[in-house]
Q: 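Input: one structure, supplied below.
So that the names make sense, note that chain A is the first sequence line, chain B the second, and so on, each numbered from 1.
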There are 2 protein chains.
Amino acid sequence: MMFSKKCEYALKAAIYLYIKSIDGKKLGIKELAKEIESPEPFTAKILQELVRAKIISSNKGPNGGFYIDPKAKPVLVIDLIDLIDGKDSFDRCGLGLKECSESHPCPIHKEFKSYSSRLKKLLTTKTLKEFAESVELGDAFINN
Amino acid sequence: MMFSKKCEYALKAAIYLYIKSIDGKKLGIKELAKEIESPEPFTAKILQELVRAKIISSNKGPNGGFYIDPKAKPVLVIDLIDLIDGKDSFDRCGLGLKECSESHPCPIHKEFKSYSSRLKKLLTTKTLKEFAESVELGDAFINN
DNA sequence: GGACATTAAGACCTTTTTGTCTTTATTTAT
DNA sequence: ATAAATAAAGACAAAAAGGTCTTAATGTCC
């Protein structure tokens with residue numbers, strides 16, 4: 001509802017990849033998709049985008065696969081979301097008004113705004129690494 | 001993002017209708033759609049649904065149109081949303097997990113939950129009448 | 001260098017959402 | 001009764017989101 005399916009898969013995939021990458025492992029698309037319970041070919045397309053955007057890396061050939069270099073520049077979660085869904089998904093009015101602001105609010109502006117700005121702020125500070133770590137510690141989950 | 005377009009139009013239409021209905025006016029689909037800046041035939045379909053669900057009323061023929069009887073049982077905003085988008089749109093996990101709860105949270109569960117439950121609560125108490133009144137007073141807007 | 005494993009790319013398909021058009025039914029006024 | 005105004009209904013169309021498949025490119029290992 002808030003994020004597109006594509007974005008959900010992208011987030012889960014990236015987080016899972018990060019976890020595995022800590023051990024220096026590379027992941028095939030098959031294993032990855034199974035693990036995060038996402039449709040395989042669709043996930044492959046998404047991973048390609050992430051590679052092109054340099055959010056993750058990949059190697060072809062035997063022993064190839066997808067991975068994230070933990071020593072690379074940390075990726076903010078918001079950047080991944082921005083890439084897939086666009087950053088303005090946070091700024092949309094609940095009723096679809098073009099201009100919806102403090103001085104020209106829709107009936108639910110206040111609630112919407114306070115939420116989305118809070119969430120945006122959180123995602124602007126959090127890195128993939130941090131999400132991955134909390135999942136590894138068992139504090140959070142990316143599957144059922 | 002949160003609500004579908006359909007739901008956005010439905011909300012705006014109902015609020016606008018309510019305002020006009022206070023003066024005992026009925027509104028043709030043409031005028032209504034223009035006023036809330038929504039595609040006319042699509043809006044017509046939505047209004048039909050609202051009529052069937054008895055959230056609004058209509059009369060055919062000359063001097064007919066759509067209206068809301070202000071003396072009828074007040075309509076909770078959440079009921080309109082439930083009709084169009086389904087109530088569970090509030091309960092969806094941000095990452096699409098089937099089970100996402102306090103004890104099995106996704107990485108953004110806390111933020112998501114606190115928001116959506118707050119919004120749901122608000123919409124469960126507010127009536128169309130209240131929204132309409134705040135729009136009439138100029139405290140809120142449903143168009144640009 | 002050949003076989004094989006793997007990602008990359010792009011064309012394609014399906015479903016859902018959004019939106020349109022045409023015809024029919026109903027009501028009112030004359 | 002008839003004409004005009006209006007909503008109701010349903011078939012249709014377009015666009016976006018979601019998803020699949022096939023082929024190409026690339027790398028590894030022997």
Q: Could you state the NZ-C1' distance from A/Lys5 to C/dT16, rounded to the nearest angstrom?
A: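 Distance check: A/Lys5 NZ to C/dT16 C1' gives 13 Å.
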Q: When all nucleic acid strands are considered with a 4.0 Å heavy-atom cut-off, which category describes B/Ile84: base, sugar-phosphate, or nothing?
A: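 It contacts nothing in the nucleic acid.
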Q: Can you find an N or O donor on one side and an acceptor on the other, under 3.5 Å apart, linking the side chain of B/Gln48 with the base of D/dA7?
A: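 Flag unset: no donor-acceptor pair detected.
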Q: Counting the atoms with a prime plus P, OP1 and OP2 as sugar-phosphate, which does B/Ile46 contact under 4.0 Å by heavy atoms, base, sugar-phosphate, or nothing?
A: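 The answer is nothing, as B/Ile46 stays clear of every strand by at least 4.0 Å.
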Q: Could you tell me how far apart A/Lys45 (NZ) and D/dG19 (C1') are, to the nearest whole angstrom?
A: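 Answer to the nearest Å: 10 Å.
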Q: Would you say C/dA9 has OP1 or OP2 under 4.0 Å from some side-chain N or O of A/Arg52?
A: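 Yes, within the criterion.
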Q: Please figure out whether A/Leu47 or B/Pro41 has its closest DNA chain C nucleotide nearer the 5' end.
A: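 Its nearest nucleotide lies further toward 5', so the answer is A/Leu47.
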Q: Rounded to the Å, how far apart are B/Asn59 CG and C/dT26 P?
A: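 These atoms are roughly 14 Å apart.
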Q: Taking NZ, NE, NH1 and NH2 as the nitrogens, is one of them in B/Glu49 or B/Arg52 under 4.0 Å from a carboxylate oxygen of the other?
A: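 Salt bridge absent between B/Glu49 and B/Arg52.
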Q: Checking all strands, does B/Pro39 fall into the base, sugar-phosphate, or nothing category for heavy-atom contacts under 4.0 angstrom?
A: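 B/Pro39: backbone/sugar contact only, no base atoms under 4.0 Å.
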Q: Does C/dA8 have OP1 or OP2 sitting under 4.0 Å from an N or O in the side chain of A/Ser58?
A: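 Yes, because at least one side-chain N or O of A/Ser58 sits under 4.0 Å from OP1 or OP2 of C/dA8.
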Q: To the nearest Å, give me how far apart CZ (B/Phe42) and C1' (D/dA13) are.
A: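 The distance from CZ of B/Phe42 to C1' of D/dA13 comes to 13 Å, rounded to the nearest Å.
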Q: Atom OH of B/Tyr67 to atom C1' of D/dT6: distance rounded to whole Å?
A: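 Atom OH in B/Tyr67 sits about 14 Å away from atom C1' in D/dT6.
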Q: Touch check for B/Tyr9, heavy atoms < 4.0 angstrom, all strands: base, sugar-phosphate only, or nothing?
A: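 If one applies the 4.0 Å heavy-atom cut-off, B/Tyr9 turns out to touch the sugar-phosphate alone, with no base involved.
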Q: Closer than 4.0 angstrom, basic N to acidic O: yes or no for B/Lys12 and B/Glu8?
A: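 Salt bridge absent between B/Lys12 and B/Glu8.
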Q: Find the distance B/Lys60:NZ to D/dT6:C1' and express it as a whole number of Å.
A: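 It works out to 9 Å between those atoms.
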Q: Given the rule in the side-chain contact (heavy atoms from CB on, under 4.5 Å) test, do B/Thr127 and B/Glu130 qualify, once you have shown the distances and angles that lead to the verdict?
A: CA-CA 5 Å; B/Thr127 58; B/Glu130 291 171 287; 3.2 Å; yes
Q: Tell me the interatomic distance from A/Glu49, atom CD, to C/dT7, atom P, rounded to whole angstroms.
A: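 It works out to 17 Å between those atoms.
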Q: Can A/Arg118 and B/Tyr115 be said to form a side-chain contact (heavy atoms from CB on, under 4.5 Å), step by step?
A: CA-CA 9 Å; A/Arg118 198 168 118 197; B/Tyr115 155 68; over 6 Å; no
Q: Whole angstroms only, please: what is the NZ-P distance between A/Lys26 and D/dG27?
A: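 About 12 Å, once rounded to whole Å.
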Q: At under 4.0 Å between heavy atoms, what does A/Ile29 touch on the DNA or RNA strands: base, sugar-phosphate, or nothing?
A: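 The residue A/Ile29 makes sugar-phosphate contact but no base contact.
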Q: Name the closest nucleotide to the A/Pro62 side chain, picking from C/dT18, C/dC4, D/dG18.
A: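 In terms of side-chain proximity for A/Pro62, the closest of C/dT18, C/dC4, D/dG18 is C/dC4.
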Q: Ring-plane angle category for A/Phe3 and A/Phe90, please: parallel below 30°, perpendicular beyond 60°, tilted otherwise.
A: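 Perpendicular: the ring planes of A/Phe3 and A/Phe90 meet at over 60°.
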Q: D/dC29 phosphate, OP1 or OP2: any side-chain N/O from A/Asn63 under 4.0 angstrom?
A: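 Checking D/dC29 against A/Asn63, a side-chain N or O does come within under 4.0 Å of OP1 or OP2.
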